[in-house]
Amino acid sequence: MSDGATDTRPSARFAWGVASDVGRVRRINQDRAVATGTVFAVADGMGGHRGGEVAAAIAAEILAVDRPLPAVDALLDLVRQANTEIVEQAGADPHLRGMGTTVCALAEIVDPVEGRHLGVANVGDSRLYLFTGGRLTQVTEDHSLVETLVRDGRLTREEAQHHPQRNILTRALGTDGKVLVDGWELAAVPGDRYLVCSDGLFNELGPDEMVELLGEDDPEVAARRLVEAACAAGGRDNVTAVVVDVLEAAAVGPTGVAATTAVDPDADDPVAARTLRTRRALPETVSFDDVAPRRLLVPPGLGTSPGDASADAAAGSPGEPGGPGGAGPDVGVDAAPGRPVGFLTWRVGLFVGAVLAVCGLAAAALVTYARDSWYVGVAGDEVVIYQGRPGGVLWFDPTVTEPVGLGVAELDDADRAEVTDGVVFDDLDAARTYAQLLVLRARDPGS
Ligand code: MG
């Protein structure tokens, strides 16, 4: 269960357990865990046949420090060092091009003045949770498209949990020579339990299940049960959990300074109560200031203007009756054609009315499915936003809503592959946000 883990014992200051599993779908485990006694981390690799595995292994190796760090900045430096190494190796080996990884790390900090506390570093969507007093609180913030949309109020937490694009990251190691790393310094409170995990865990388990499994006393057993439960719940991704207990004996640092005395055990927000300071990079901001002016771009074979398209969608009509056979369902029909009304008995009338109502509802649902979505795709050499669904639905072809102002050639391999398939959203604003993130990634390294 602990394949890929670096685990160097013992430590008098923490007790911990590590578990990792390939899951039920993937063939390779590209997650890596670190537990040295002073650094506890998870790296979730991505990209290429071997790339993700290599990127995560590089990060794990660099983070596997077995002594306390003098400051949280030293932890952030290790993450930046891992990023540089991944970028360099990817540049030197074509088979590793495009590899990347998340990193989420918890480390023991021994500051000569402030004593002992904890440092946290995060890039990507692996997570650190605090489990204390029976409550589970997420410490880190994901660097993902859905998190950006939630922060902007365009998605609810519940919608984000099931969003088809929830695996799209806005930050990862390996994408650029410069990486923004979020950092926190937390008071080390004896009795606190921390969980570092990959998305394969929290995407399969709800908070209630995680709380129940974290209630297990032994951190090794807790880590193993969490991973087993995520696999049993679907195991659609690699799953990794590192459970870390802060021990009683650790309350006082080498200078005799206790870093825990100021923490209110009953605080409403236990993470805020423990936060000494943060080193958070600026969150992703999505500005529409430099969006290309809306203009019509009609690639070959697509003839409907965006104005028509939006009017069709707003009216709930089929939109493109001129498609094959021109046979769009006629939602507005209120009597069977070709028969005098008096011919119908009330029973037949009721039956016909019911059939038409069902047909109307089905047609409306089809129109909604086909037209009430947008996707970021490719038209010629340009990235554009379409209304509709990739490939179209029956006679509803997608239509170009607006260009993004970005050439396909400017995208990296991973983004180009996604956009070529088409990345679908429920609303136009979400598609624009994603398009802007593509622009930022292509032209503003480090975003
Ligand atoms: Mg994963």
Side-chain angles (χ1 to χ4, degrees), residues 1-6 18-35 40-60 63 79 82-83 86 90 96 98-106 121-129 138-148 160-175 179 182 195-207 209-210 213 223-224 226-243 414-415 417-418 423:
M1 291 292 282
S2 59
D3 52 327
T6 303
V18 180
S20 185
D21 197 282
V22 69
R24 290 183 162 183
V25 175
R26 305 282 175 91
R27 287 185 300 113
I28 302 171
N29 191 350
Q30 298 192 326
D31 283 359
R32 287 293 178 276
V34 173
F40 306 92
V42 167
D44 177 353
M46 65 202 81
H49 178 61
R50 279 181 56 233
E53 216 180 341
V54 173
I58 292 169
L63 283 162
V79 174
N83 180 60
I86 292 166
L96 300 178
M99 69 174 174
T101 186
T102 71
V103 162
C104 187
L106 175 73
N122 185 54
V123 176
D125 69 349
S126 296
R127 289 182 182 172
L128 175 72
Y129 291 92
Q138 188 178 332
V139 178
T140 51
E141 262 182 27
D142 299 345
H143 301 133
S144 64
L145 174 66
V146 291
E147 181 63 33
T148 305
Q161 180 82 14
H162 306 289
H163 198 280
Q165 272 83 44
R166 64 179 182 273
N167 62 342
I168 294 178
L169 298 183
T170 52
R171 279 192 229 168
L173 302 196
T175 57
V179 64
D182 286 347
L195 167 67
V196 197
C197 62
S198 61
D199 63 337
L201 187 84
F202 59 78
N203 281 335
E204 298 290 2
L205 300 180
E209 288 170 284
M210 290 168 71
L213 293 161
R224 192 175 70 240
L226 281 163
V227 170
E228 285 171 352
C231 290
R236 283 158 283 200
D237 194 359
N238 305 147
V239 189
T240 300
V242 180
V243 176
D415 283 342
E418 276 185 356
V423 182

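Both counts, for ligands and for their atoms, begin at 1 and track the order of listing. Since this is a predicted model, take the numbers as computed values, not measurements.
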TODO: Could you name all protein N, O or S atoms found under 2.8 Å from the Mg ion (ligand 1)?
DONE: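 Listed by chain and number, the nearby protein N, O or S atoms are D44 OD2, D199 OD1, D237 OD2.
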
Open item on the list: To the closest 0.5 Å, what do you measure between CZ (R224) and CG (D21)?
Closed with: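 Spacing of CZ (R224) from CG (D21) equals 12.5 Å.
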
Open item on the list: Under a 4.0 Å threshold between the charged nitrogen and the carboxylate oxygen, would E53 count as salt-bridged to R32?
Closed with: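 Looking at R32 and E53, the cut-off is met.
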
Task: Flag, side chain of N122 to backbone of E141, donor-acceptor distance under 3.5 Å - done: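 Confirmed, N122 side chain pairs with E141 backbone.
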
Task: Backbone N/O of V22 and side chain of N238: donor-acceptor pair under 3.5 Å - done: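 Here the side-chain-to-backbone pair exists.
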
Task: T140: side-chain hydrogen bond (donor to acceptor under 3.5 Å, both in side chains) partners, not counting sequence neighbours - done: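 Counting only residues at least two positions away or on another chain, T140 forms no side-chain hydrogen bond (donor to acceptor under 3.5 Å, both in side chains).
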
TODO: Test D31 against T240 for side chain to side chain donor-acceptor pair (under 3.5 Å), laying out the working first.
DONE: CA-CA 7 Å; D31 283 359; T240 300; 2.9 Å; yes

